[in-house]
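For reference, the structure is listed below as structure tokens.
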Amino acid sequence: MTADVQPVQVTYRADAAALFPLALGTGLLSVVTLGIYRFWAKARIRRFVWSQIRVGDDALEFTGTGLEMFLGFLLAVVVLAVYLAGIQLLLFFFGIRFIFAPETPLEEAMQAGSIGLSFLAAVPLMLVALYRARRYRMNRTRLRGIRFGMENAGLGYMIRALVYGVLAVVSLGILWPLMTYRLEAYMTDRSHWGSARFRQGGAWGGLYAALRPYLIGLGFLLVGAVFLALGEAWFGGVVVAMGTIWALFGMALYQTRAFGYLTSHKSLILPGPAAPMHFGAAPRGGRVIWLYIKGGFIVLLLASVASGMLFGAVGMMSAQILGFGGEPSAFAIAEVAVIGAVAYLVFLSVFGTLSLVFISQPILGYLAGSVQVFVPTGFLDALHQARAEVGADADGFADALDIGGAF
Amino acid sequence: MGPVEAAFYDGQSAARRVVQVAATSDGRSLVIQPEQGAAINWPLVDLRAVEDAADRLVITLHRAGDTVEARLILTDPALIAWVKSTAPDLHRRDVAAGTLPKVALRIAAALGAVAVILFVLLPAISDRLAAALPRDQEVAFGKAVVRQMSEFLGEGQAVLVCENPAGVSALDRMVSRLTDGQGLGYDLQVVVIDSPIVNAFAAPGGHVVILRGLLDEAQSADEVAGVLAHEIGHVESRDATRLAFRAAGSAGILSLLFGDVSGGAAITLAGNHLMNAAYTREAESAADSFALRLLSGAGIGTAGFAAFFDRIDGMDGDMPAYLSTHPDSALRAAQARAAGTAGTPALSDPDWQALRAICG
């Protein structure tokens with residue numbers, strides 16, 4: 001089998017200079033249009049980013065449109081309005097006694113609980129939205145003119161994510177690989193590229209190698225906690241601090257390594273006896289953390305320069321409008337307030353652009369570039385187009401719930 | 001220009017085909033010649049760019065009402081330059097016919113649905129829930145609202161509840177004169193808070209708050225009695241409780257639009273909304289007629305109530321908060337005057353002076 005398999009490298013081509021003007025321009029347009037343009041902005045940025053990911057000599061293609069995302073958002077808002085308003089009212093009804101001013105510790109706990117509850121009420125919807133957003137991106141992605149796709153199974157995903165999520169949290173992260181693996185397998189096994197289906201191989205136990213740094217950190221943390229409980233404040237504190245930092249780095253490492261493991265155990269299967277296509281990826285977790293730290297540093301630096309220029313200008317304009325001495329008119333105050341609000345929104349979009357260009361894009365580029373595809377001879381010739389699927393909400397729910405992610 | 005090599009995907013198979021591409025002699029089309037089979041003709045007007053990178057141009061063919069999935073990948077610089085300069089609609093984004101009405105319909109439907117939720121569904125549910133709320137909880141809630149309001153008015157520092165004994169007993173006398181024998185459902189808790197703002201409001205569960213500014217602004221005890229009777233009207237019809245429920249529900253929707261689903265802001269919003277209690281016109285006029293009934297039942301003239309509206313109506317520009325949520329002062333003054341019965345003053349002169357000095 002190895003003799004007639006051809007390895008193909010995935011590459012990401014863009015640099016900062018190519019994405020920056022697009023992201024900033026569309027971001028500013030979104031501010032000017034009170035956020036309406038953000039759907040078209042998202043479509044344009046995705047078209048760009050997708051087209052920079054090449055599998056061998058072929059680029060990915062994003063065929064989604066701003067219009068369909070906008071219409072999806074409208075649909076999502078209506079559904080969410082009913083749901084969230086209902087939840088809010090019920091919580092208010094039962095929490096009315098302590099929601100404004102708790103009087104006893106019990107009532108304080110209940111107040112915190114009811115705020116947490118109204119967040120929890122949104123979690124199932126967020127999980128469905130997460131699945132649907134991925135499905136939409138798959139449905140609107142093509143390679144070699146052939147569509148990707150994913151089954152409509154958000155509800156099953158939501159139930160599994162809730163169960164595995166609770167298990168992962170209750171076990172202090174020890175069962176995290178179970179959640180990661182099962183959820184990824186759930187989505188992968190429901191995905192296809194044209195007539196070929198994706199399959200997730202491997203097992204959840206295989207992810208423990210990736211989790212080892214986190215587990216070591218967790219071990220230190222627990223040992224330190226025992227010392228703290230025994231009254232060894234100084235020694236216990238140091239061990240807990242060390243364990244926490246170790247565990248945090250461990251979490252970041254895990255995500256990259258889990259991506260590598262899961263990708264390396266994916267395959268693409270054609271109906272019939274043809275040999276499957278395999279994937280390989282070995283991204284280094286330390287590299288991703290470094291990209292994150294380096295990018296974060298650049299973003300902070302540039303964002304503070306930008307905010308200095310922006311708010312310096314706002315300050316000068318405000319001083320001119322308000323004048324010196326004397327009572328400013330209500331109109332002048334309103335004018336300054338509007339200028340301040342606009343400057344704030346502009347700053348937010350500059351900040352968003354910078355993190356997209358200097359953090360999200362380099363990490364995406366690195367991860368994409370770590371992937372290899374092993375294509376058996378004749379595989380692509382036998383692969384055919386699949387029926388087009390249309391999701392009613394595009395990724396409107398994800399947008400309304402603000403869980404879209406960077407891309 | 002002779003034929004150049006390019007890659008072609010027919011949209012049906014993932015197979016990559018090597019083709020020869022050339023312009024037709026009339027310069028209006030591209031001819032794509034596969035290794036086997038017939039040549040394909042792509043008119044330049046129907047060409048659309050899919051990807052436009054530094055080293056290549058990926059194009060597809062647009063056909064109205066038909067998705068063509070074939071892709072042609074050009075890498076020859078001369079041909080790319082020619083296509084870019086000649087194909088007229090290379091970068092057009094085609095929109096299917098009938099899209100505009102569809103979009104307009106969807107926007108209208110979404111706005112309509114949200115409006116129905118906000119103005120029909122939510123008020124209906126809120127009113128049911130407010131009616132179902134046990135009275136002791138409503139009272140506790142009202143107490144918390146009053147406390148939150150006084151904190152808000154003091155900008156963080158506790159604002160003094162005015163407790164000058166002579167003033168408090170004068171206020172009590174006014175309250176009992178208005179309400180005794182009227183069979184009200186709530187134990188009224190009326191307090192004066194030391195704030196310069198000209199305002200008064202009802203909180204859930206029988207709480208009424210008068211701000212010191214209103215006592216300063218009023219020129220007779222009858223005016224204060226009128227405002228007080230109006231607020232008692234809101235108390236009796238549970239307007240404040242209902243409003244709080246509506247605010248809590250709509251806060252859920254608003255937080256959605258502003259991208260805060262945690263609902264943390266919803267609680268603050270509900271509280272602040274009560275501060276600027278904007279009741280419906282119906283609730284206002286109901287409270288007005290209730291006030292006029294109370295006043296005449298207590299034998300207090302309505303002229304003071306009318307005079308208060310008149311004076312407030314004359315003060316545009318520096319508009320007191322009380323007016324901004326209570327529209328049509330002139331109309332309401334006229335109504336109060338029309339209902340007008342003469343009566344005895346709401347408080348004796350020494351009591352009125354004591355009430356004005358309640359914060360002293």
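Every chain is numbered from 1, with letters handed out A, B, ... down the list of sequences. Computation of the quantities below employed the complete heavy-atom set of this structure, encompassing side-chain atoms and omitting hydrogens, waters and symmetry-equivalent molecules.
- Within 6.0 Å of CZ in A/Phe48 there are more than 12 heavy atoms belonging to other residues, nucleotides or ligands.
- Between A/Ile146 and B/Gly11, the closest heavy-atom pair is CD1-O, 4.2 Å.
- In B/Asp55, the CG atom is crowded: over 12 heavy atoms of neighbouring residues, nucleotides or ligands sit closer than 6.0 Å.
- Contact annotation for A/Leu67: only side-chain heavy atoms (C-beta onward) come within less than 4.5 Å of a heavy atom of chain B.
- Under a cut-off of 6.0 angstrom, the local environment of CZ in A/Arg197 is crowded, with over 12 non-hydrogen atoms contributed by other residues, nucleotides or ligands.
- In this structure, the portions of B/Val103 lying under 4.5 Å from any heavy atom of chain A include both its backbone and its side chain.
- Remark: A/Asp58 engages A/Arg144, B/Arg16 in a salt bridge (charged side-chain N to carboxylate O under 4.0 Å, His left out) (not counting sequence neighbours).
- Inter-residue side-chain proximity for B/Arg56 and A/Asp57 is flagged as met; some heavy-atom pair is nearer than 4.5 Å.
- Of the atoms belonging to B/Ala132, heavy atoms from both backbone and side chain fall under 4.5 Å from chain A.
- Residues satisfying the side chain to side chain donor-acceptor pair (under 3.5 Å) test with A/Thr141, not counting sequence neighbours, are A/Trp50.
- By the 6.0 Å contact criterion, CZ on B/Arg135 is enclosed, its count of non-hydrogen atoms from other residues, nucleotides or ligands being greater than 12.
- Once rounded to the nearest 0.5 Å, the distance linking CG of A/Leu74 with CZ of B/Arg106 reads 7.0 Å.
- Highest contact tally toward chain A, considering only B/Thr99, B/Val58, B/Ile107, is held by B/Ile107 [criterion: heavy-atom pairs under 4.5 Å].
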